[in-house]
Every structure is written in structure tokens, then in C-alpha cells.
There are 2 protein chains.
Amino acid sequence: MTELSTMKDGVANQAEASDRVLQILAEAGRLFASKGFEGTSMRDIALACGISKSLLYHHFSNKDEIYARVAVGSTLELYLFVRDRIPDGPPSQKIRAFMVATAEYFRRYRWAWIASTTAFWNDPDRSRHKERLTRRDRFENFLRGLIQEAIDAGEIRKVDVPMTGRLILSSLNWMHRWYNPNKSATPEQIADVFFDMIFNGLRSGELVALPGAEPSKAGRRKAR
Amino acid sequence: MTELSTMKDGVANQAEASDRVLQILAEAGRLFASKGFEGTSMRDIALACGISKSLLYHHFSNKDEIYARVAVGSTLELYLFVRDRIPDGPPSQKIRAFMVATAEYFRRYRWAWIASTTAFWNDPDRSRHKERLTRRDRFENFLRGLIQEAIDAGEIRKVDVPMTGRLILSSLNWMHRWYNPNKSATPEQIADVFFDMIFNGLRSGELVALPGAEPSKAGRRKAR
DNA sequence: GTTTTCACCGACCGATCGGTCAAGCCCGGC
DNA sequence: GCCGGGCTTGACCGATCGGTCGGTGAAAAC
């Protein structure tokens with residue numbers, strides 16, 4: 001399952017799919033990402049593909065299935081994709097590799113990624129993307145394992161593991177809201193910068209005594 | 001404009017609004033947050049309020065206006081709300097206060113916040129929430145000013161200011177996706193934890209020499 | 001007492017929604 | 001020649017969409 005050569009046109013893990021199906025998934029993902037699931041009609045998808053609406057129903061049973069193929073297809077391999085890019089070495093470097101690999105996945109399958117992380121996040125009808133959610137849980141648990149590993153190795157201090165995982169994933173999951181492929185650095189570079197900030201912290205090595213600065217809760221770690 | 005006593009029922013800045021209008025805004029915000037803008041029909045809103053659909057059009061001209069009142073109302077005062085909660089003192093503590101205040105705002109106006117940060121984020125028809133976007137720009141620029149202040153004061157190292165702002169806002173903006181008011185700590189406490197992680201970093205004070213660990217890019221700051 | 005105002009409603013509109021269906025088109029095998 | 005089957009289509013369905021309309025009843029204004 002480490003072979004990811006079946007990915008085409010930014011659509012992941014659609015191995016036996018025809019070109020037409022891949023085209024539909026690509027266009028649908030782009031539309032779902034920009035206008036949302038409810039905001040995208042079957043007519044929109046058909047028009048974007050230059051085909052009739054009926055043909056969509058020849059290849060897919062309904063709208064939900066198209067979304068499921070887009071969303072699940074984009075999260076199906078995420079865990080494996082990232083896992084296979086974690087090198088041997090210090091746990092902190094594994095966390096860094098985790099972030100960079102996730103960013104690379106985001107760059108490759110951007111529209112599908114956005115579509116799957118945007119729509120239905122709070123929909124009461126969970127059945128539509130239950131599988132997606134369990135896969136994301138596995139992905140997040142994998143990260144928590146790496147964090148615990150780094151704590152056990154003494155590389156990072158004894159932080160709250162779930163909260164640390166949420167902080168790391170927040171920096172990656174929010175990226176699509178401001179990332180501009182024409183102006184920003186590559187997602188991998190951005191992930192690298194974020195890792196540096198989170199791991200090393202923003203604080204400068206030498207603490208300056210500000211006039212009038214009073215002791216504060218967050219300054220609890222003593223100056224070194 | 002620092003008087004925020006006009007906020008009721010989690011709906012911000014709706015000063016002269018009647019109870020019915022406030023009810024509509026509250027229900028609409030909750031629905032927009034959970035089902036999205038396109039996924040919420042005027043009938044849904046009317047039903048949730050226990051009124052007829054016609055009455056919605058008596059109080060609002062159309063669906064977009066309801067959303068605008070929800071979204072703009074929730075971001076209108078955000079900047080002022082946060083700004084007024086920044087204490088005098090070291091710039092780093094201002095950043096911390098910024099994060100905690102934003103979290104408090106999120107806790108108070110949760111549904112409106114989610115609705116405004118979820119819908120239309122990539123809609124080609126930007127006119128619908130242009131005002132909201134410029135307000136968020138001012139909010140983000142305010143944070144960048146605080147970061148620059150902390151750099152100038154020597155409290156934090158010379159990081160990339162826009163990227164640092166994005167990291168901080170990511171941790172806050174993604175919170176609604178996993179925050180559970182029944183199980184999680186308060187948003188303010190969460191913001192405090194995130195500030196500690198970002199400011200002080202995850203790395204433990206003493207570096208352990210792992211067998212087989214090789215020098216890496218992220219380990220560029222020398223051990224102290 | 002009359003008129004104006006205002007919150008409110010049920011019925012209705014054209015447009016669009018997701019989805020169906022019978023029928024053509026195209027092309028390789030016989 | 002023609003035949004079968006996958007690809008493709010336009011016409012069509014009931015339901016629902018956002019939005020409009022005329023009207024009601026009660027309080028406020030005169």
C-alpha cells in the first residue's frame with residue numbers, strides 16, 4: 001500500500017478509475033472546495049466537465065458518492081503517505097518530518113484536501129464521512145505517538161500530548177485559508193518554519209529586563 | 001465603542017434590535033455554523049424560530065442580509081474587544097492577552113464566530129463579506145504589531161512576523177473544530193496553553209545526545 | 001372613532017435542486 | 001451488414017429553493 005503511483009490529477013487513490021471519472025473527481029473536488037458541498041450542484045459539476053448531468057449518474061450513483069470518493073480518496077492514503085516519510089532518528093525530527101509530509105500531501109491534493117476538511121465538519125448526519133473521521137483519528141493518534149516518543153526521549157518537555165498535537169495540526173489544517181500558491185513559499189517550507197517556531201519557541205535566548213516589567217504567569221520558566 | 005453591553009444571546013453588536021431579530025440572528029447563526037450557508041434554508045431558520053418564513057422577510061431583506069448581520073456582527077467588535085483587553089507590560093504578555101481575549105470572544109459568540117469563519121471563505125462573490133474581511137485584516141495587523149513590538153524589545157527572536165501571526169491565529173481559528181464545551185477546558189485556558197507552547201517552545205532545557213542522532217537543520221540553535 | 005403603523009401569516013411564484021429514463025451514438029466482433 | 005454494449009444525451013420528475021403577495025388583527029396615533 002505504499003505505492004502511490006495511482007494518484008493522478010490531484011486525485012488520490014483512484015486506481016482503476018477511467019479518465020472521465022478522474023476528471024469528474026478533480027472538478028468536483030475543486031468545486032466542493034470553493035463553494036462547499038451544498039453550494040455545488042450536479043449541474044455545476046457537469047458543466048465544469050463539459051458533459052451532461054446524466055453522465056454523472058452513469059459513473060456515480062448520487063452526489064454523496066462523488067463527495068465520498070473525493071473526500072475519502074484524499075484522506076485514505078494520508079496516514080500511509082505520512083508514515084512512510086518518517087525517517088529514523090531523533091523523535092523531534094520525526095515530528096518535523098510529519099509536518100513536512102502532511103504539507104506535501106496538502107500541496108499535491110489541495111482541492112480534495114480542502115473539500116474534505118471543509119464540508120460536513122459539523123453535519124449531524126455523520127454517516128456520510130464516518131470512515132473519513134476514523135482515518136483522521138488514526139492520523140492524529142500517530143502524531144501523538146511521535147510526541148510521546150519525543151517526551152520519553154527527553155527531547156521535549158512534559159507537555160500535554162493531545163494539546164500539543166492539536167497545536168501542530170492547527171498550523172497545518174488552517175494553512176489552506178491563507179496559502180497562496182503564487183505568492184507563498186511551498187507548503188513544505190511553511191511546515192518547516194512552523195516546526196521551528198513550535199519546537200524552539202519564539203522566545204529569544206537572552207531575556208531583557210524591561211523597565212516596569214512585572215513577573216508574569218507565562219514567564220514561569222526561569223531565565224537560562 | 002468600548003461598551004459591549006449590547007451583546008445578548010451570543011449575538012454581538014445588535015444594539016437597537018428587537019428581541020425577535022435577536023432570536024432570528026441567534027438561530028440563524030447556530031444553523032449557519034452547523035449546516036453552512038447553502039445548507040441552511042430560510043424555512044429552516046423560520047422553523048427554528050417558530051415563526052413563518054414571511055416574517056423573516058419582514059425583518060430582513062434577504063438571506064444574505066441575515067448572514068451579514070450574523071457574520072459582521074461577530075467580527076465587528078472583535079478588534080475592539082481584544083484591543084481593550086491588552087494590558088500594559090511586556091509585549092510578550094500583550095500577545096498572550098491577545099490570544100486569551102480572542103478565545104474569550106470565541107467562547108461568548110461561538111456560533112456566530114463559527115458561521116463567519118466557515119462560510120464563504122473562498123467564495124468568488126467576495127462582496128458578501130468584504131467588510132468582514134477588512135475587519136479581520138485590521139485584527140491580524142494588530143497582532144503583527146504586537147509581534148514586532150516583542151521583537152524590538154528583544155523578548156522574542158527575529159522571526160518572520162506574518163508567519164508568526166499565522167501560527168498564532170491558526171491555533172485559535174482551528175479551535176472550533178475540536179473544542180467541546182462539555183469536555184474541554186475553557187477557551188481562555190486553552191489559549192494560555194498554546195501561548196506557553198509557542199512562546200517557550202516544546203524543547204526541553206537539557207538536550208540529550210541520542211545514539212545515532214545526527215546534526216539536523218532544526219537543531220541549529222546551540223544547546224544552552 | 002377613525003386612521004395609520006407594524007408584526008405576522010398562508011398561499012403562491014419561477015427557478016433550481018437531485019435524480020430518472022428511454023433513446024441515440026459509437027465502435028469492435030461476427 | 002448488423003448486432004450488442006458501454007458512453008452519452010435531452011427531456012422530464014417531484015421536491016425544495018429564495019422570495020413575493022395580499023391580507024389580518026391589534027396596538028398606537030390622531
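Below, chain A is the first sequence line, B the second, and so on; all start at residue 1.
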Rounding to a whole Å, what distance do you find between [X]:[atom1] and [N]:[atom2]?
| X | N | atom1 | atom2 | value |
| --- | --- | --- | --- | --- |
| B/Lys63 | D/dC17 | NZ | P | 9 Å |
| A/Glu65 | C/dG18 | CD | P | 15 Å |
| A/Phe37 | C/dC17 | CZ | C1' | 12 Å |
| B/Glu38 | D/dG18 | CD | C1' | 11 Å |

Output all residues satisfying ring-ring contact (aromatic ring centres under 6.0 Å, His included) with B/Phe60, sequence neighbours left out; order by chain, then residue number.
none

B/His176: which residues meet the ring-ring contact (aromatic ring centres under 6.0 Å, His included) condition with it, sequence neighbours left out?
A/Trp121

Are the side chain of A/Ser116 and the backbone N or O of A/Trp113 linked by a donor-acceptor pair below 3.5 Å?
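Present.
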
Looking at A/Glu140 and A/Arg136, is there a salt bridge between them, counting it only when a charged N and a carboxylate O are closer than 4.0 Å?
no

Which pairs would a plain distance check flag for residues 43-52 of chain A, meaning a side-chain donor or acceptor within less than 3.5 Å of a matching protein atom at least two apart in sequence or in another chain?
unit_1  : atom_1 : unit_2  : atom_2 : d
A/Asp44 : OD1    : A/Ser41 : OG     : 3.4
A/Asp44 : OD2    : A/Lys35 : NZ     : 3.2
A/Asp44 : OD2    : A/Ser41 : N      : 3.1
A/Asp44 : OD2    : A/Ser41 : OG     : 3.2
A/Ser52 : OG     : A/Leu55 : N      : 3.4

For [X], side chain to side chain contact (heavy atoms under 4.5 Å, CB included) partners two or more places apart:
| X | result |
| --- | --- |
| A/Asn62 | A/Asp64, A/Glu65 |
| A/Phe139 | A/Leu78, A/Val82, A/Phe98, A/Thr102, A/Leu169 |
| A/Glu188 | A/Val100, A/Glu104, A/Arg107, A/Thr186 |
| A/Pro87 | A/Ala97 |

From the set [options], return the single nucleotide nearest to any side-chain atom of [X].
| X | options | value |
| --- | --- | --- |
| B/Ile51 | D/dG19, C/dC9, D/dT9 | C/dC9 |
| B/His58 | C/dA7, C/dC9, D/dG19 | C/dA7 |
| A/Leu55 | D/dT9, C/dC9, D/dG19 | D/dT9 |

Quick one: what's the B/S/- string for nucleotides 20-28 of chain C, heavy-atom cutoff under 4.0 Å, read 5' to 3'?
BB-------

Give a yes/no answer on whether the side chain of B/His59 brings an N or O atom under 4.0 Å of OP1 or OP2 in C/dC6.
no

Any residue of residues 39-47 of chain A with a heavy atom less than 4.0 Å from an atom of DNA chain D:
none

